[in-house]
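Have a look at the structure below, then the notes.
No experiment lies behind these values; they were computed from the predicted model shown.
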Amino acid sequence: MSVAVKKSPHFNDRKPFKRPRPSFSQNVDDERKRKIFVKANGPLPNGFHKSPVDGHLSTKARKSLTLKENGASSSVLSSSGASSKQFSLQEQRSKLPIAKGKDALIREFQAHDVTVLLGETGSGKTTQVPQYLLESGLARDGMIAVTQPRKVAATSLATRVAAEQNVTLGTSVGYSVRFDERFSSETRIKYMTDGMIVRELMSDPLLSKYSIIIVDEAHERSLRTDLLIANLKTIQRQRNGSQHVKGKGKDRADASNPLKIIIMSATLDAEKFGRFFSGAKILYVQGRQHPVKIYHSSQGQLDYVDAAMRTFFQIHTDYPLGDVLIFLPGQEDIESLEKTIQIYANQLPQDRMSVLICPMFAAQAAGQNSKVFLPASANTRKCILATNIAETSITIPGVKYVIDTGKCKEKRFLARNTGGGFDTLLTRDITQSSAMQRAGRAGREGAGHCFRLYTEDAFKAMPLSAEPEIMRCSLSSSLLQLKCIGQDLETLDLMDQPAEESMKSSLIVLFLLGALNREKEITSVGRQMAAFPLEPIYGRAIIASKEYGCTQEVLDIVSILSASSKLFVESSEQRDAVSEARKKFRNVCGDHLTILNVVRSYQEIAQSEGKSSRKEWCRRHFLNERALLEASDIRDQLRQTCQRLGIDHGVSCGDKDDPVIYSLGYGLAMNIALLQPDGTYKQTIGQSTVKIHPGSSLCDKKMPAIIYDELVYTNQIYARGVSRIPKSFIVTLGALKQS
DNA sequence: GAGCACTGC
């Protein structure tokens, strides 16, 4: 396996790059001095074990549990006719760290209404606990919901657990995510996204179908997880409250339907969940991970891209075969590092392992991203340059070495008192839990190494975990949803309360959109907006499209805008070809109608051509077909909502542009900027000077007035998704606002 | 002339 390499690489000193960069030196001693790592002596940082530890369960600073060994097979499984494959699944189950604590766990779940279960990766808690609960009968006749922040997690976990239960997916074990669900009346364990169950709150405020709700990955503190947890606390009080009051309890319809809550989280921040649910039992399960040796840089690295490059070649020359995963904040750094590594790799001696570079980031075309999953040819080391996409969303096999720059990009909403605000997208230091997660990526298949391009002191200075999303995103969508079920952000018992400015700004936004009245009560327009699974601004645009007779067009545009994949794929290599291909769809009005042109052209192709020529057409025009396919799912869903609300989704304005712009204008009424004499644009609400984003079709165009989808601050404040709008219409909108 | 982490309904 291991390949002998010479001690010192003979790289020449040519500096083909703009960035000032210390190069590898040419003699051995110098090179050793330049190594930027010290071996980790003493205790490893939190969360890493030098050797795998067998699972056990313990309570911290509470009475300890007596552990009972559990038999190899468990009684819940329908064992009749179990195949050998099934048998080996059971064997695997019983070997999971959590299996030893099974009986103790069940006892604790039985005794407590709320349990906080802390477990490291590989403990098996997410797949096993729901099955333990089911077999113990604790769920009674109700369902067990297991919530996940991500769709893929929900579906793949359900598939796994159905296999372990030896049932067909969708029978007793199922899942429910947007656009995809598999469950039936007999479903007892349902994996679902947290967004899905928050939506369910609107039709069933007590979530009465579920007798146990397990909130997984709670430490991620996603917006929807936080909203769910807050609601669960009140729901539990309502459903269980009367239990303890004898006599009176019988009057309540739901007294017979108590709710158990299990919060699952990584180890950090445990106490906080415990405090929030006073009286919650906190349990710990140890995980099973291969050991990862962590090295910290002996001094801070100002130029982390350069440091990553040097570290990569240090690994490449000194360490045996195994792929390297480098975490970088964004596309720009990835592309720059890709070039540098490639140039040096080309100069490697013939007898050395060769290097295969795989860049990976969300905006990249899907085909390029999937390259990382293919095994590299013999004697080749894969070097994966990735954003945070590889931290939680995607697991790459074969990674043995991780290089962590300690940086990531973070989107943060800056609320304004005037209503709305803008997003910032800036590079910042990661958190300790993120650093541990990144390091863990080296220990998926065997022992690994993680090289941190920051000092141990810098690690200790990092915040433990990320600030909850609710503290740093726009709240208008959540506020509207809460208003629908008679709740308010201000009165809801949240784990962390968002800043007052942020709540105020979202109130103003919803008021200006006509979703709330002056008394902060939800209006009928507001209810309609909330029915759409969209940002309120786009819900408003659809409602306005009814008046302008262009619902079909607005649905087409809004579906693309709310798809998660980008419509236009990035390819830095063929920038000219891309802009040439894009010209074909360009509409003078701007980006929204350009999108509409793309959708219409694609629909034409889709009607007459087969799957493969559709694909080819997209490739030729540098379009991301995934975005178009996803948008078509979203459009179907929006059409259903329209139908429910009595909006005719088939109404079209044909080739007219103005009705579409006007409808969008209703939603984007706060997102208007006017051209200044000096050629810049200035917001009509708020004081900021904004620039049209270079990716926009209106970039460098001078329009008297524009509407935009969003503002993003990077180096300047950029308006993205821009269309021109007649000044006279702004007056109309303004007049409407006052009425 | 200049750029965009990741989710979710």
Side-chain angles (χ1 to χ4, degrees), chain A residues 147-154 176-181 192-203 217 220-228 327-336 360-364 386-394 405 407-412 423-428 430 434 437 466 469 472-473 477-478 480-481 484 529-536 538-539 558-559 562-572 575 578-579 630 633-634 637-638 640-641 679 691-696 699-701 709-716 718-721:
Chain A
T147 74
Q148 293 291 326
R150 280 168 290 278
K151 291 207 281 191
V152 267
S176 171
V177 303
R178 192 184 187 186
F179 305 131
D180 191 11
E181 53 179 36
M192 57 207 294
T193 45
D194 45 19
M196 210 69 190
I197 202 166
V198 168
R199 271 271 147 186
E200 263 182 41
L201 274 173
M202 289 169 74
S203 55
E217 312 283 8
E220 288 188 21
R221 301 292 306 278
S222 79
L223 174 62
R224 285 152 211 86
T225 299
D226 272 20
L227 291 176
L228 175 63
F327 281 103
L328 292 145
Q331 179 179 350
E332 197 185 350
D333 288 331
I334 287 177
E335 285 173 350
S336 137
M360 196 163 87
F361 47 90
Q364 187 172 237
T387 61
N388 259 355
I389 196 170
E391 194 180 298
T392 46
S393 308
I394 290 172
T405 58
K407 303 284 177 192
C408 67
K409 279 201 184 177
E410 188 189 70
K411 198 167 184 175
R412 181 175 281 272
D423 285 318
T424 62
L425 191 73
L426 302 171
T427 302
R428 57 163 290 166
I430 58 169
S434 175
Q437 180 75 28
E469 196 184 359
R472 53 184 170 87
C473 70
S477 183
S478 305
L480 183 62
Q481 239 172 313
C484 263
M529 282 161 63
F532 287 102
L534 292 171
E535 284 298 313
Y538 296 127
V558 161
S559 308
S562 61
S564 59
S565 346
K566 291 187 172 61
L567 179 60
F568 299 110
V569 281
E570 292 300 319
S571 171
S572 49
R575 216 157 279 193
V578 174
S579 63
E630 194 189 337
D633 280 340
I634 295 174
Q637 203 181 32
L638 298 179
Q640 283 170 29
T641 311
K691 212 171 167 186
I692 296 179
H693 193 278
S696 166
C699 180
D700 290 334
K701 300 280 189 305
D709 292 323
E710 58 177 355
L711 290 182
V712 180
Y713 175 81
T714 50
N715 297 317
Q716 302 180 69
Y718 288 103
R720 296 172 55 180

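- Among dG8(B), dA2(B), dC6(B), the nucleotide with an atom closest to any side-chain atom of K411(A) is dC6(B).
- Residue T387(A) is classed as a sugar-phosphate contact, given heavy-atom separations below 4.0 Å to backbone atoms only.
- Distance OH (Y713(A)) to P (dG3(B)): 11 Å, rounded to an integer number of Å.
- Using a 4.0 Å heavy-atom distance criterion, I634(A) is classed as making no nucleic acid contact.
- Look at CG on L228(A): it is 16 Å from C1' on dT7(B), rounded to the nearest Å.
- In this entry the distance linking CD1 of I389(A) with P of dA5(B) reads 10 Å, nearest Å.
- Checking dT7(B), dA5(B), dG3(B) against the side-chain heavy atoms of Q331(A) singles out dA5(B) as nearest.
- At least one side-chain nitrogen or oxygen of Y718(A) sits closer than 4.0 Å to the OP1 or OP2 atom of dG3(B).
- When rounded to the nearest whole Å, the span between CE of M196(A) and P of dT7(B) equals 18 Å.
- For E469(A), the side-chain atoms get nearest to dT7(B) when compared with the rest of dT7(B), dG3(B), dG1(B).
- Under the side-chain contact (heavy atoms from CB on, under 4.5 Å) criterion, E535(A) pairs with S477(A), I537(A), Y538(A), not counting sequence neighbours.
- Residue contacts shown for G695(A) are absent, as no nucleic acid heavy atom lies under 4.0 Å away.
- Atom CG in L711(A) sits about 16 Å away from atom C1' in dG3(B), given to the nearest Å.
- Proximity of P533(A) to L638(A): side-chain heavy atoms (C-beta onward) are separated by under 4.5 Å at one or more points.
- A donor-acceptor contact shorter than 3.5 Å links the side chain of T424(A) to the backbone of R412(A).
- Rounding to whole angstrom units, CD of residue E181(A) and C1' of dC9(B) are separated by 13 Å.
- For T193(A), the side-chain atoms get nearest to dG8(B) when compared with the rest of dC4(B), dG3(B), dG8(B).
- Considering only side-chain atoms of P533(A), the nucleotide from dC9(B), dG1(B), dC4(B) that sits closest is dC9(B).
- Put simply, the side chain of R224(A) and the base of dC9(B) share no donor and acceptor less than 3.5 Å apart.
- Across all strands shown, V177(A) has heavy atoms under 4.0 Å from sugar-phosphate atoms exclusively, and none from any base.
- A donor-acceptor contact shorter than 3.5 Å is absent between the side chain of E469(A) and the backbone of S222(A).
- In this structure, R199(A) reaches the bases: a heavy-atom distance under 4.0 Å links it to at least one base atom across the strands shown.
- Put simply, CG on L567(A) is 15 Å from C1' on dC4(B), counting in whole angstrom units.
- Taking 4.0 angstrom as the limit, T714(A) places a side-chain polar atom (N or O) nearer than this to OP1 or OP2 of dC4(B).
- In terms of phosphate contacts, N715(A) brings no side-chain nitrogen or oxygen within less than 4.0 Å of OP1 or OP2 of dA2(B).
- The residue S477(A) sits apart from the nucleic acid: no heavy atom pair falls under 4.0 Å.
- Side-chain proximity of L425(A) to dG1(B), dC9(B), dA5(B): nearest is dA5(B).
- In this structure, the nucleotide among dC4(B), dG8(B), dG1(B) sitting nearest to the side chain of R720(A) is dC4(B).
- The CG atom of L426(A) sits 12 Å away from the C1' atom of dC4(B) (whole-angstrom rounding).
- Residue-to-nucleotide proximity on DNA chain B shows that, of P694(A) and R472(A), the 5′-proximal contact is made by P694(A).
- No option in T427(A), L328(A), T387(A) other than L328(A) meets the side-chain contact (heavy atoms from CB on, under 4.5 Å) test with D333(A).
- Checked for salt-bridge contact, D709(A) and R720(A) miss the test: no charged N lies under 4.0 Å from a carboxylate O.
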